[in-house]
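Have a look at the structure below, then the notes.
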Amino acid sequence: MANFYIDNEALKLHLNHPMMKKIVELKERNFADADKFDYAPQNFEDAMDSYDRVLDIVGEICGDIIAENAEDVDHNGPRVENSRVIYADGTKKNLDACRKAGLMGMSMPRRLGGLNFPITPYIMAADMVSRADAGFENLWGLQDCAETIYEFADEAQKEKYIPRVCAGETMSMDLTEPDAGSDLQSVMLKASQKEDGSWVLNGVKRFITNGDSDIHLVLARSEEGTKDGRGLSMFIYDKRNGGVNVRRIENKMGIKGSPTCELVYKDAPCELVGSRKLGLIKYVMALMNGARLGIAAQSVGISEHAYREALQYAKERKQFGKAIIEFPAVAEILSLMKAKLDASRTLLYACSRFVDMYKIYDDIAKERKLDVEEKKEAKFYSRLADAFTPLAKGMTSEFCNQNAYDCIQIHGGSGFMKDYACEQIYRDARITSIYEGTTQLQVVAAIRHVTTGTYLDWIKSEAEKQVVAEDENVKATLNFMTQQYADAVEAVNGVDDPKFHDFMARRLVEMAGYIVMGYLMLDDTQRDASFRKSLHVFVNYGKAEVAKHADFIGNFRPEEIKDYLYN
């Protein structure tokens, strides 16, 4: 009996982070639901026990059901019959298990049928589901689209749709089109308002994850004559009403259990969400930030799977009379894989806690006016969430791909065969740095927090914390890296050339990422000494990477940029 929660002590460490006390008390409104719902917690300890018990259930389902079905789902995948998606048998079993366990709508309020969990334990569940089967996470994890309905839809729409999600109906976000991938301003799916005030959709969407879902959030052009983001609105489409057919399922490299669909809308009835013209500017931006946090969780889960497969193989595989883990060249790869995994996970959960704080305050603000201190704190965490989300998505997905690569390398020729799980891990990992915004787009989102000092301010606040004597050298190294980073930012800002700034952005964001992750791991180590080895490995690795970027920036002549650009 495998349990992906019990066998991973790192999850409990992050679940019990000191910030969780405030998050829980705010989320539970000082436990006001205790007298209304028999499953609502009475106090903080009761709430934490509830999260622990539910995550234990998630871990058991992941280990005993989802992971066991993963290979079969990867081989068979979904299919299209009569313009409808038919899931693989294993996917059906996975969804049925999650529905029966009440694992849908985890973060939704109890009054709408949810568990009222903070984002952080929900993301932990996503972490485990992704380790079991990354493709299934794309179906189960899309329940977080309900967050957008909860945040922006009217009360009638909330009461109509959210209980259905909590009961187990699936969701999708229909954004991209054949000519509008990352450039969502180019979306042309047409939303037309009829004389009775109702809306219908006409056009085509492509690359839609779980595109034959029960409830869709759709970005469409509602304003005649517009060509940019100001003409786009957000709509809810209910599959029960008909009007959308699946033209085909994409034949993908990986995450094969997740049907990626091309959809045809023909007079499909829909409902406007919120206000017209804010579909991309406000609603999709919020939706995408949630999705990016979900992909970061998926990346961490895949990294976990890759590391465990590589470690087990290295212990069992013998060459020249001994297990290959005893060879320094192999041991070094495994140590760095583990360090990248631990660094990815600590960044993921730091980000999820910041998201929890600002979202909870946003929700409270709908009920009552925030006081001065609450407004200040809400603004502080909103900024951190905005800064850490692209950093988390970008860094964890890149490390995920690197760990998948190294997993195959540890297996050698065997890793190239379908006999071992690492072959599927490698294929599944590749998409993480592409969808919901490529790594390059995460740099675009993150760079303003480099230039405005968000990362540096946070780093300086972490540097003020006390550490045990054993970690003083690591802290000194991080301080040195921070100075290199600050000097590099100053050097880039000193050049009056937007193209030069764009060219150097990736290096600056990566430098910030290594330092941020290093300080987070340092903090983890103060609470659990078992992270010390990973801390040392990662900071040594990060030190070399920061020095490399600092050297490139410090010795690069701005006029050389013409050699790298095509315009």
Side-chain angles (χ1 to χ4, degrees), residues 8-24 48 51 118-121 123-124 127 293 296-297 300 303-304 335-336 338-358 377 380-381 383-385 387-389 391-392 395-396 399 446 449 453-483 485-486 510-543 545-546:
N8 191 345
E9 287 297 321
L11 293 174
K12 291 200 175 189
L13 176 84
H14 291 294
L15 179 64
N16 290 289
H17 189 277
M19 270 185 69
M20 285 301 295
K21 186 168 180 61
K22 185 159 191 174
I23 288 170
V24 172
M48 294 299 289
Y51 306 155
I119 296 295
T120 298
I123 288 295
M124 288 183 177
D127 180 344
L293 185 62
V300 171
S303 277
E304 179 78 42
S335 295
L336 189 54
K338 182 63 161 61
K340 288 175 180 175
L341 167 61
D342 289 338
S344 295
R345 182 168 278 125
T346 197
L347 178 59
L348 169 66
Y349 293 122
C351 184
S352 72
R353 291 189 295 268
F354 298 152
V355 171
D356 261 325
M357 288 296 291
Y358 101 83
E377 193 165 56
F380 173 74
Y381 283 111
R383 184 173 180 81
L384 284 180
F388 273 60
T389 297
L391 196 66
M395 297 295 288
T396 62
F399 283 171
H449 293 287
T454 306
Y455 297 127
L456 190 57
D457 289 344
W458 182 88
I459 289 166
K460 287 178 178 178
S461 70
E462 289 295 300
E464 293 176 359
K465 294 181 178 179
Q466 297 297 312
V467 299
V468 297
E470 194 172 353
D471 296 325
E472 285 290 354
N473 287 341
V474 172
K475 186 177 179 182
T477 300
L478 288 168
N479 285 337
F480 178 72
M481 292 162 62
T482 301
Q483 188 58 55
Y485 166 65
E510 286 185 8
M511 291 172 83
Y514 290 121
I515 299 165
V516 165
M517 294 164 105
Y519 269 110
L520 287 168
M521 291 183 73
L522 181 61
D523 187 60
D524 291 344
T525 303
Q526 306 314 294
R527 296 189 294 124
D528 186 340
S530 68
F531 284 90
R532 185 162 285 118
K533 180 178 178 180
S534 277
L535 168 68
H536 283 247
V537 172
F538 186 79
V539 171
N540 280 331
Y541 171 72
K543 178 184 176 183
E545 291 297 306
V546 167

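As the structure is a prediction and not an experimental result, all values here were calculated from the model.
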Taking the side chain as C-beta and beyond, is there a heavy-atom pair between [X] and [Y] under 4.5 Å?
X	Y	answer
D523	V467	no
T396	S303	no
F531	T346	no
T477	N540	no
W458	H449	no

With [X], which residues qualify under salt bridge (Lys or Arg N to Asp or Glu O under 4.0 Å), at least two apart?
X	result
K460	none
K338	D342
E470	R532
E545	K548

Would you name the heavy atoms of [X] and [Y] that are closest together and state the gap between them?
X	Y	result
A10	R345	CB-CD, 4.0 Å
P118	I23	CB-CG2, 3.9 Å
L15	M20	O-CG, 3.0 Å
I119	D356	N-OD1, 2.6 Å
L293	C351	CD1-SG, 3.8 Å
V537	A339	CG1-CB, 3.7 Å

Next item on the list: Evaluate the ring planes of F388 and Y455, with Trp represented by its six-membered ring, and classify them as parallel (under 30°), tilted (30 to 60°) or perpendicular (over 60°).
Entry: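 Geometry flag for Y455 against F388: tilted rings.
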
Margin query: Using 30° and 60° as the class boundaries, would you call the ring planes of Y514 and F538 parallel, tilted or perpendicular?
Written below: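 Rings of Y514 and F538: tilted, 30 to 60°.
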
Item checked: side-chain contact (heavy atoms from CB on, under 4.5 Å) evaluation trace for K340 with Y541 -> CA-CA 9 Å; K340 288 175 180 175; Y541 171 72; 3.8 Å; yes

Roughly how far, to the nearest 0.5 Å, is [atom2] of [Y] from [atom1] of [X]?
X	Y	atom1	atom2	answer
L336	F399	CG	CZ	8.0 Å
I459	I515	CD1	CD1	5.0 Å
L520	T525	CG	OG1	10.5 Å
L13	S530	CG	OG	7.5 Å
R527	L522	CZ	CG	11.5 Å

Next item on the list: State whether a side-chain donor-acceptor pair under 3.5 Å links T120 with S352.
Entry: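 T120 vs S352: donor-acceptor pair found between side chains.
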
Next item on the list: State whether the side chain of Q526 and the backbone N or O of V468 hold a donor-acceptor pair below 3.5 Å, judged by distance alone.
Entry: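 Confirmed, Q526 side chain pairs with V468 backbone.
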
Check: Going through the checks in order, is the side-chain contact (heavy atoms from CB on, under 4.5 Å) test met by V539 and M521?
Finding: CA-CA 9 Å; V539 171; M521 291 183 73; over 6 Å; no

Note to self: Checking Y349 against H17 for the side-chain contact (heavy atoms from CB on, under 4.5 Å) test, could you report, in this order, the C-alpha distance in whole Å, the side-chain angles of both residues, the deciding distance, and whether it holds?
What the structure shows: CA-CA 9 Å; Y349 293 122; H17 189 277; over 6 Å; no

Next item on the list: Indicate yes or no: does E9 engage K12 in a salt bridge with an N to O separation below 4.0 Å.
Entry: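 Between K12 and E9 there is no salt bridge, as every charged N stays at least 4.0 Å from the carboxylate O atoms.
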
Next item on the list: Any salt bridge (Lys or Arg N to Asp or Glu O under 4.0 Å) involving residues 13-23? Give me the pairs, sequence neighbours left out, ordered by first then second residue.
Entry: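 Those involving residues 13-23 are K21-E25, K22-E377.
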
Check: Does N479 have any side-chain contact (heavy atoms from CB on, under 4.5 Å) partners at least two apart in sequence or in another chain, and if so, which?
Finding: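 If we apply the side-chain contact (heavy atoms from CB on, under 4.5 Å) test to N479, skipping adjacent residues, the hits are A463, K475, Y519.
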
Check: Would Y358 and R383 count as a side-chain contact (heavy atoms from CB on, under 4.5 Å) if you check the C-alpha gap in whole Å, the side-chain angles of each, and the deciding distance to 0.1 Å?
Finding: CA-CA 9 Å; Y358 101 83; R383 184 173 180 81; over 6 Å; no

